[in-house]
Amino acid sequence: MRLGQKVRVCQIRDRFSGALSDKLGEMGTIQEFKMTDGSGIGAVVTFNDKTSSWFFEDELETGRR
């Protein structure tokens, strides 16, 4: 994954709120990376409606297999 890349939210492991669940299946753009819980790196994704949230890498699909 890289900055500016388009990704799709394919799953949400935890942090499951109503607003976040609406993003399941949506496409967004990676804006930055951040440490999640000391054991991995997450991606901050911005969507067309100008909202953003962070996701674990395995929650996102890049279109590459």
Side-chain angles (χ1 to χ4, degrees):
M1 289 190 196
R2 57 180 166 46
L3 292 178
Q5 185 173 18
K6 295 281 188 188
V7 292
R8 180 181 311 277
V9 179
C10 62
Q11 67 175 327
I12 300 174
R13 283 201 262 168
D14 49 11
R15 320 167 326 276
F16 209 84
S17 69
L20 191 56
S21 67
D22 291 343
K23 301 302 179 195
L24 194 58
E26 282 203 31
M27 294 292 292
T29 304
I30 296 177
Q31 294 300 310
E32 63 180 295
F33 295 101
K34 70 177 219 170
M35 292 297 294
T36 55
D37 57 3
S39 64
I41 297 176
V44 176
V45 177
T46 301
F47 299 94
N48 287 337
D49 64 2
K50 306 297 184 219
T51 61
S52 63
S53 188
W54 70 270
F55 297 91
F56 293 104
E57 285 188 86
D58 66 345
E59 296 176 315
L60 302 171
E61 294 178 332
T62 63
R64 290 185 304 151
R65 298 276 174 192

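Closest approach of K23 to D49, counting heavy atoms only: NZ-OD2, 2.7 Å. The shortest heavy-atom contact between F56 and R13 is CG-NH2, 2.8 Å. Scanning all heavy atoms of the two residues, the minimum distance from E57 to M1 falls at O-CE, 3.4 Å. The two residues T46 and S52 come nearest to each other via the heavy atoms OG1-CB, 3.6 Å. Nearest heavy-atom pair across A43 and L60 is CB-CD1, 3.9 Å. The two residues G25 and R8 have their closest heavy-atom pair at O-NH1, 2.8 Å.
Cluster annotation: W54 and M27 are assigned to distinct hydrophobic clusters (Ile/Leu/Val/Met/Phe/Trp/Tyr, side-chain heavy-atom contacts under 4.5 Å, transitive).
With values rounded to the nearest 0.5 angstrom, T62 atom OG1 is found 14.0 Å from K6 atom NZ.
If you run side-chain contact (heavy atoms from CB on, under 4.5 Å) between F55 and each of V44, L20, V7, only L20 comes through.
At least one side-chain heavy atom of D58 sits under 4.5 Å from a side-chain heavy atom of Q11. Side-chain contact check for M35 versus I41: some heavy-atom pair is nearer than 4.5 Å.
In this structure, E26 contributes its side chain and V9 its backbone to no donor-acceptor pair below 3.5 Å.
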